Each structure stands twice: as C-alpha cells, then as structure tokens.
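Since we're looking at a predicted model, the values are computed, not measured.
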Amino acid sequence: IKAFVEITVTDDYVPPTPPTVVAKNCTGIAISGTYPTKFYKDDIFSKSGMVVKALFDDNTESEVGSYTISPEVGTKLTTDTAVTVSYKYGENTQTTNYNISVGEPTTLSIENAPFKTNYFLGDKLDVAGVKVLLNYSNGLTKDVTRECTFEPVNGTVLNDKTTNLKITYKTDYTVIQPLTIGDPIPKLSPITGIKIVAPPTKIKYREGELFDTAGMIVKLIRENGESE
C-alpha cells in the first residue's frame with residue numbers, strides 16, 4: 001500500500017513584521033556616592049566611593065564603569081581643582097564637573113589638653129592625654145600629636161611658676177598650653193606621740209557613766225619637737 005502527501009506551495013506568503021527597535025539616547029551623566037571633595041595639600045587624588053550613572057531620554061538610568069576622570073586617579077594635588085567626569089555612549093560623550101578643595105596648613109590647635117595641667121613646684125611635667133591638631137584652609141584637620149615637640153620636654157622638673165607648655169609642629173606651627181604651678185605643700189614632720197595638755201573637766205564618774213571629753217586638750221608631738 002502506498003500513500004502520497006500533496007504539498008502545495010504558493011507565492012503569497014508574507015513573513016511577520018519584526019518589532020521596531022528605537023535606539024535610546026544618552027542625555028547626560030550623574031555622579032553620587034561618598035567620594036572625597038576635600039584633600040590635604042600633596043595628597044593623592046582619589047575617586048573612592050564615586051558612582052556614575054548614564055541618563056537616557058526614556059527616563060531610565062544605568063550605572064556605568066567605563067568612564068574617564070580628569071585629573072587621573074593618583075595625581076598629586078597642590079591646588080584647588082575642577083574635576084571632569086566623561087562617559088562615551090555611541091558617538092556622543094557626556095561630561096559633568098565638580099570641584100575639589102586642597103587645603104594648606106594654617107594653624108596648630110589643642111583639641112584635648114593634657115590630663116594634668118596643675119602642678120606644684122618640683123613636680124615633673126606629664127603631657128599624657130594631649131591631642132594636637134593641624135588645621136587646614138579648607139576645614140580639614142590632622143592629628144599631629146606624635147610629630148610634635150614639647151618645651152619643656154615631658155618629664156622635666158618644673159621649677160618656675162611662669163612655665164607654660166609650648167607645642168611645636170615642624171618649626172612652623174606653635175601653640176601654647178597654659179600650666180598652673182603653685183608652691184609645694186610643706187612636708188610635715190612624722191608624728192611621734194600625743195600629749196594631754198588639759199584634762200577633761202569631769203574626771204570622776206559613777207560606774208556605768210559615759211566618758212565626757214569636754215575640756216580635754218590633746219596635742220600631737222612631731223619628730224622635730226613641734227606640737228599642734
């Protein structure tokens with residue numbers, strides 16, 4: 001038994017129309033994040049924390065990584081600078097700018113005074129606890145305590161009531177920490193005994209009565225013969 005299948009081919013077949021793809025255009029870029037905008041003089045430029053997004057004409061946006069930045073990361077900074085961020089999409093390049101400030105050192109200041117600022121003559125200077133800041137023109141500060149010199153030096157015996165603590169950073173920046181220096185407390189001679197100078201007014205008692213010290217005068221006797 002043989003079977004036959006008849007196939008008829010016509011020339012009126014119309015293929016489906018492919019969907020229309022409309023290319024979107026990049027209209028700009030936006031930057032966000034925690035990137036630094038203040039630097040110390042001679043710092044190395046960094047964009048750490050920066051997020052760059054491309055903005056499109058269909059109201060969408062997309063984070064991008066293939067952007068360029070000028071000055072380049074790693075550039076040594078010596079003055080305030082305008083930074084340019086660029087992103088190329090198709091044949092067009094979009095850019096945006098922001099400014100960074102580069103601070104010059106201005107003054108030295110004491111953020112935390114030493115734990116001890118009150119002394120007696122003959123005490124030793126102790127600078128423990130002091131915290132010294134170098135202030136910059138753009139508002140930044142830097143802890144430079146470990147790089148400072150102290151005059152008088154730590155541990156010096158204080159023999160002058162007018163002494164103050166002079167703190168210096170790299171010879172160019174100085175700040176003064178006031179000190180209060182008083183006369184030493186006289187050292188008392190050791191006590192060797194006591195002496196009853198006057199007995200109590202009442203010296204006769206009945207059994208069970210409480211002792212009454214009224215009228216009694218007792219003095220301390222010191223090793224040097226003084227009494228009080």
Side-chain angles (χ1 to χ4, degrees), residues 34 36-43 46 48-49 101-228:
T34 57
T37 58
K38 292 183 177 182
F39 295 85
Y40 302 111
K41 184 179 180 180
D42 295 330
D43 262 357
S46 168
S48 176
S101 63
V102 179
E104 295 267 3
T106 55
T107 59
L108 201 64
S109 64
I110 299 172
E111 183 176 54
N112 296 330
F115 296 136
K116 185 176 182 180
T117 57
N118 295 319
Y119 293 88
F120 294 110
L121 287 172
D123 284 349
K124 290 183 178 181
L125 176 66
D126 184 359
V127 301
V130 71
K131 183 176 181 180
V132 186
L133 298 180
L134 184 62
N135 304 299
Y136 287 76
S137 56
N138 59 356
L140 290 179
T141 61
K142 183 185 291 185
D143 183 352
V144 294
T145 307
R146 292 181 178 273
E147 302 167 67
C148 289
T149 58
F150 300 91
E151 183 183 345
V153 298
N154 193 37
T156 297
V157 176
L158 301 173
N159 293 316
D160 185 348
K161 289 184 179 180
T162 63
T163 300
N164 286 314
L165 179 61
K166 181 180 179 181
I167 304 173
T168 303
Y169 174 73
K170 291 188 176 179
T171 70
D172 297 321
Y173 306 94
T174 299
V175 66
I176 300 296
Q177 170 61 56
L179 302 177
T180 301
I181 304 173
D183 291 321
I185 298 176
K187 293 183 178 180
L188 297 176
S189 179
I191 297 172
T192 57
I194 60 173
K195 179 181 179 181
I196 299 176
V197 178
T201 303
K202 184 176 181 179
I203 58 174
K204 294 182 179 181
Y205 293 86
R206 292 177 181 176
E207 186 176 348
E209 282 188 285
L210 296 177
F211 178 64
D212 186 354
T213 61
M216 177 182 285
I217 299 176
V218 179
K219 286 190 174 183
L220 295 175
I221 307 301
R222 296 190 179 277
E223 190 177 69
N224 61 2
E226 294 179 351
S227 62
E228 57 188 78

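The CG atom of L140 sits 6.5 Å away from atom OG of S101, with the distance rounded to the nearest 0.5 Å. One finds the NZ atom of K124 at 12.5 Å from the OH atom of Y119 (value rounded to the nearest 0.5 Å). To the nearest 0.5 Å, atoms CG (L133) and CG (N112) are separated by 8.0 Å. In this structure, OH in Y40 is found 6.5 Å from OH in Y136, a value given to the nearest 0.5 Å. The distance from the CG atom of L121 to the CG atom of L158 is 8.0 Å, given to the nearest 0.5 Å. Atom CG of residue N159 and atom CD1 of residue I181 lie 9.0 Å apart, to the nearest 0.5 angstrom.
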Return all side-chain donor-acceptor pairs below 3.5 angstrom for residues 163-173, not counting sequence neighbours, or 'none' if the list is empty.
| unit_1 | atom_1 | unit_2 | atom_2 | d |
| --- | --- | --- | --- | --- |
| T163 | OG1 | D160 | O | 3.0 |
| N164 | OD1 | L179 | N | 2.8 |

Which atom pairs, donor and acceptor, lie under 3.5 Å between side-chain atoms of residues 191-204 and protein residues at least two apart or in another chain?
| unit_1 | atom_1 | unit_2 | atom_2 | d |
| --- | --- | --- | --- | --- |
| T192 | OG1 | I221 | O | 3.1 |
| T201 | OG1 | A214 | O | 3.4 |
| K202 | NZ | E209 | OE2 | 2.8 |

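Applying the side chain to side chain donor-acceptor pair (under 3.5 Å) rule to T145 yields the partners D143; only residues at least two apart in sequence or on another chain are considered. For the side chain to side chain donor-acceptor pair (under 3.5 Å) test, no residue two or more places apart in sequence or in another chain qualifies with E151. By the salt bridge (charged side-chain N to carboxylate O under 4.0 Å, His left out) test, E147 pairs with no residue at all, sequence neighbours left out. For K38, there are no salt bridge (charged side-chain N to carboxylate O under 4.0 Å, His left out) partners at least two apart in sequence or on another chain. Applying the side chain to side chain donor-acceptor pair (under 3.5 Å) rule to S137 yields no partners; only residues at least two apart in sequence or on another chain are considered. Take T156 and apply the side chain to side chain contact (heavy atoms under 4.5 Å, CB included) test, not counting sequence neighbours, and it matches P152, V153. T106 is linked by a side chain to side chain donor-acceptor pair (under 3.5 Å) to nothing, counting only residues two or more places apart in sequence or in another chain. Legend: residues meeting side chain to side chain contact (heavy atoms under 4.5 Å, CB included) with N118, ordered by chain and number and at least two apart, are T180. E104 meets the salt bridge (charged side-chain N to carboxylate O under 4.0 Å, His left out) test with K41; sequence neighbours excluded. By the salt bridge (charged side-chain N to carboxylate O under 4.0 Å, His left out) test, D43 pairs with no residue at all, sequence neighbours left out.
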For a side-chain hydrogen bond (donor to acceptor under 3.5 Å, both in side chains) check, start with the C-alpha distance between N135 and T141, then their side-chain angles and the critical distance, and finish with the verdict. CA-CA 5 Å; N135 304 299; T141 61; 5.4 Å; no
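Side chain of D126 to backbone of K116: no donor-acceptor contact under 3.5 angstrom is found.
Across all their heavy atoms, N138 and V102 have their closest contact at ND2-C, 3.9 Å. Of all the heavy atoms in P36 and S48, the pair that sits closest is CD-O, 3.4 Å. Of all non-hydrogen atoms in K161 and G182, the two that sit nearest each other are CE-C, 4.4 Å.
Side-chain atoms of V144 and L108, non-hydrogen and from C-beta on, do get closer than 4.5 Å to each other. By the 4.5 Å heavy-atom criterion applied to side chains, V130 and F115 are not counted as neighbours.
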